[in-house]
Structure formats: structure tokens, C-alpha cells
Amino acid sequence: MELLVHPQAICKVLSANDTGETGGHQAGILVPKDEDILSFFPQLGKETKNPRCVLRFEDLSGAIWNFTYIYYNNKFYKGTRNEFRLTSMTGFIKSNNLKAGDKIIFLRLDDGRLLIKHQRTNKLENDTDNVLRLGTSWKVVNI
DNA sequence: AGCCATGCACCG
DNA sequence: CGGTGCATGGCT
């Protein structure tokens, strides 16, 4: 019997840097080192420097987006980086006019296919943010 | 830990 | 040359 359970969907509130509003060109979003979040993505270790893989996402209109999931781990190779990023998202972010505060939601279907959707900022919800105070801007969503 | 920022390479 | 992405460093 298989008892291993993985989250089927996660979401992230975009930062200004994620959307490119800060003028940066890092072309993607940061993925916090949270077990529940990382388990959604392929496991990338520190055996090789800056390992990556391309993930194929489908949006609600049926369009296909290929994002690159990278583990910048040069901290283990005489550098200082130790973080995960999902890059090549400029097209998706621009075509949907996503801004800081908006959410991106990733879902995995039973057949392994990946879906991506987004949600505009809800200001009322923002107001309660201080009270809820989620540890990271990512959260596991059960569907 | 997470977000901000930037030099360089590549490509249309 | 401008947009995009890679890789990396800095700041909070």
C-alpha cells in the first residue's frame, strides 16, 4: 500500500521582484524551502551544481507554458546561493498582467499533468494578512 | 530565508 | 539594441 502523500496544489503570492516590477530580470519567482512546497516539484539535490529541469504547465485556456525549475546551490560549490527558483515565467506573467500581491496557483492532476492558474489580489483578504501571518507566501491547497 | 538587483550571454 | 534568461552577489 502506498502511503506517501504529496500536495496536489500550491500557490504563491507574487513579490514585486517575481513580476519584474522592481526592474530586475531574473525571469521568475522564488520557491521557498518548505517541505510541502518542494515535494510538489521534482527533487533537485546538491550533488550537481545548479540542477534544473523543465516543467510543462497548462493554463485554463489550454496554452502550454514551459517553466524551468532551478536549484541554485552554488553555496556548496564555493558560492553563496542556496535557493530554488522557477524561471522563464515572463511570458505568463505578462500575458496575465500579474502584479505583486497576485497569486499563482500550481496544481498536479492524478495523471501527472501540471496546471497553472492565477488570482488577482483580494484587498480584503490582504487586510487579514497580519492576523493569519502565513510563514511563507506559499501554501498547500487541497483540491 | 526571501527579496532585490545586476553583469553578461543569447537571440530576434 | 531591447527583451529575456542565467548566474551570482547584496541587502533586509
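Just so it is clear, the values below take in all heavy atoms, side chains as well, and ignore hydrogens, waters and symmetry mates. All chains are named by letter (A, B, ...) in the order of the sequence lines, taking the proteins before the strands, and each is independently numbered beginning at 1.
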Between B:dC3, C:dC6, B:dA1, spot the one nearest the side chain of A:Arg52, thanks.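 Of B:dC3, C:dC6, B:dA1, C:dC6 is nearest to the side chain of A:Arg52.
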Counting side-chain heavy atoms from C-beta on, which of C:dG5, B:dA1, B:dC3 comes nearest to A:Ala27?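 Ranking C:dG5, B:dA1, B:dC3 by closest atom to the A:Ala27 side chain puts C:dG5 first.
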Can you find an N or O donor on one side and an acceptor on the other, under 3.5 Å apart, linking the side chain of A:Glu83 with the base of B:dC3? yes
In whole angstrom, give the distance that lies between atom [atom1] of [X] and atom [atom2] of [N].
| X | N | atom1 | atom2 | result |
| --- | --- | --- | --- | --- |
| A:Asn50 | C:dG5 | CG | P | 17 Å |
| A:Phe67 | C:dT4 | CZ | P | 14 Å |
| A:Ile29 | B:dG2 | CD1 | P | 12 Å |
| A:Tyr71 | C:dT8 | OH | P | 13 Å |
| A:Asn74 | C:dT8 | CG | P | 5 Å |
| A:Arg81 | C:dG5 | CZ | P | 20 Å |
| A:Leu86 | B:dC3 | CG | C1' | 16 Å |
| A:Ile93 | C:dG3 | CD1 | C1' | 14 Å |

Tell me if a side-chain donor or acceptor on [X] pairs with a main-chain N or O of [Y] at a distance below 3.5 Å.
| X | Y | answer |
| --- | --- | --- |
| A:Asn96 | A:Leu98 | no |
| A:Arg108 | A:Phe40 | yes |
| A:Lys99 | A:Thr121 | no |

Less than 4.0 angstrom between a side-chain N/O of [X] and OP1 or OP2 of [N], yes or no?
| X | N | value |
| --- | --- | --- |
| A:Thr87 | C:dC6 | yes |
| A:Thr90 | C:dG3 | no |
| A:Lys12 | B:dC3 | yes |
| A:Asn73 | C:dA7 | no |

Grab the two heavy atoms, one from A:Ser88 and one from A:Asn66, that are nearest each other, plus how far apart they are. CB-O, 3.9 Å
Specify the closest pair of heavy atoms between A:Asp102 and A:Asn97, including all atoms of both residues, with the distance to one decimal.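 It is OD2-O, 4.1 Å.
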When the nearest nucleotide of DNA chain C is assigned to A:Thr80 and to A:Ser88 on a heavy-atom basis, which residue is associated with the more 5' position? A:Ser88
Tabulated below should be each protein N or O lying under 3.5 Å from an N or O of nucleotides 5-7 of chain B; please produce it.
from: B:dA5; atom 1: OP2; to: A:Thr22; atom 2: O; distance (Å): 3.2
from: B:dA5; atom 1: N6; to: A:Gln26; atom 2: OE1; distance (Å): 3.0
from: B:dG7; atom 1: N7; to: A:His25; atom 2: NE2; distance (Å): 3.4
from: B:dG7; atom 1: O6; to: A:His25; atom 2: NE2; distance (Å): 2.6

Looking across every strand, which nucleic acid part, if any, lies under 4.0 Å from A:Lys78 by heavy atom: base, sugar-phosphate, or nothing?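 Answer is nothing: A:Lys78 stays at 4.0 Å or more from every strand.
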For A:Lys94, which contact category applies under a 4.0 Å heavy-atom criterion: base, sugar-phosphate, or nothing? sugar-phosphate
Do other residues, nucleotides or ligands put more than 12 heavy atoms under 6.0 Å from A:Asp111 CG? yes
Show me the donor-acceptor pairs within less than 3.5 Å that the side chains of residues 46-58 of chain A make with the rest of the protein, sequence neighbours left out.
from: A:Asn50; atom 1: OD1; to: A:Asn73; atom 2: N; distance (Å): 3.2
from: A:Arg52; atom 1: NE; to: A:Asn50; atom 2: O; distance (Å): 3.3
from: A:Arg52; atom 1: NH2; to: A:Asn50; atom 2: O; distance (Å): 3.0

The criterion is ring-ring contact (aromatic ring centres under 6.0 Å, His included); which residues satisfy it with A:Phe92, sequence neighbours excluded? A:Trp65
